[in-house]
Amino acid sequence: LATGPRQNNSIFYEIRTYDIKPSKMKEFVEMVNTYFHLRTAHSELVGFWSAELGAMNKVVHVWKYDNFAHRTAVRHALANDKDWQGKFLSPALPLIEKQRNEVAYLVPWCQLGKPPKEGGVYEWVTFQMKPGGPALWGEVFRAAINAHINTGYTKLIGVFHTDYGLLNTVHVIWWNESPDHRAAGRHSAHEDAKVVAAVQFLESQQNVLLIPLQCSPLK
């Protein structure tokens, strides 16, 4: 997936992950809720979440771009937006300990989904796969994803593979009605042989439970 075919268009997603100073997390979230409309006026926000379990004092936000020229134009406009720079960016930067961004594409067999209703929780799962790309593990990975979907306990939002950042990385976003609902369904899914088969291609895996912020289109 990291080195294999993409969907037949130039659309990509920028995944931005910020580590916030522990004492400043509440302040940062309040600033986002108050001023982030200044940022979304420039380009499409897919989702904005804070970590609840699996990580702490971390936020993740995903942006959609038509192509790299589109992103360049947006970044130029943001640099010249005095409201954005003065009301949010300058005050927010001292609250952030670390920033990381990745460019990722949806895998060819996945369209960006939406939850069946507002509420619930999101699970962000990051798989570091063994080098070799989909020729080695693509079909097995897809079968494992479908095994989770077929149980009916969870809703797939998206499967992304990286193009900039750490390669051979796959990010999967799930929506679940509640953490307990997710736990019960996951136990069932992990009894499926298709899920077990994919483990042999994993280098590592991280699961983070996410809560959408007020500004997030995915709620």
Exercise. Step by step, would you call N207 with Q205 a side-chain hydrogen bond (donor to acceptor under 3.5 Å, both in side chains)?
Worked result: CA-CA 7 Å; N207 295 36; Q205 176 180 338; 2.9 Å; yes
For this session: Apply the test side chain to side chain contact (heavy atoms under 4.5 Å, CB included) to residues H148 and Y153: give CA-CA distance (whole Å), side-chain angles for both, the deciding distance (0.1 Å), then the verdict.
Result: CA-CA 8 Å; H148 284 282; Y153 80 93; 3.0 Å; yes
For this session: Verify side-chain hydrogen bond (donor to acceptor under 3.5 Å, both in side chains) between T169 and Q128, making sure each step is shown before the conclusion.
Result: CA-CA 5 Å; T169 301; Q128 188 62 37; 2.6 Å; yes
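Going from atom CH2 of W84 over to atom CZ of R39 covers 6.5 Å, rounded to the nearest 0.5 Å. Summarising the geometry, atom CH2 belonging to W63 is positioned 4.5 Å from atom CG belonging to L45; distances are rounded to the nearest 0.5 Å.
In terms of hydrophobic clustering, with Ile, Leu, Val, Met, Phe, Trp and Tyr side chains grouped at heavy-atom distances under 4.5 Å, W124 and L53 are assigned to different clusters. Hydrophobic cluster membership differs between M56 and F28, with clusters built from Ile, Leu, Val, Met, Phe, Trp and Tyr side chains linked at under 4.5 angstrom.
Hydrophobic clustering, defined by side-chain heavy atoms of Ile, Leu, Val, Met, Phe, Trp and Tyr closer than 4.5 Å, leaves L166 isolated from every other such residue.
Among pairs with a residue in residues 44-58, those fulfilling side chain to side chain donor-acceptor pair (under 3.5 Å) read D19-K58, at least two apart in sequence or across chains.
Note: F127 and F141 meet the aromatic proximity criterion, with ring centroids under 6.0 Å apart. Taking the six-membered ring for Trp and the full ring otherwise, the centers of F88 and F36 sit less than 6.0 Å from each other.
Here the closest heavy-atom approach between residue K219 and residue Y122 is recorded as O-OH, 2.8 Å.
Applying the side-chain hydrogen bond (donor to acceptor under 3.5 Å, both in side chains) test to R182 and every residue at least two apart in sequence or in another chain returns E123.
With no hydrogens or angles considered, a side-chain donor-acceptor pair links E102 and H171 at under 3.5 Å.
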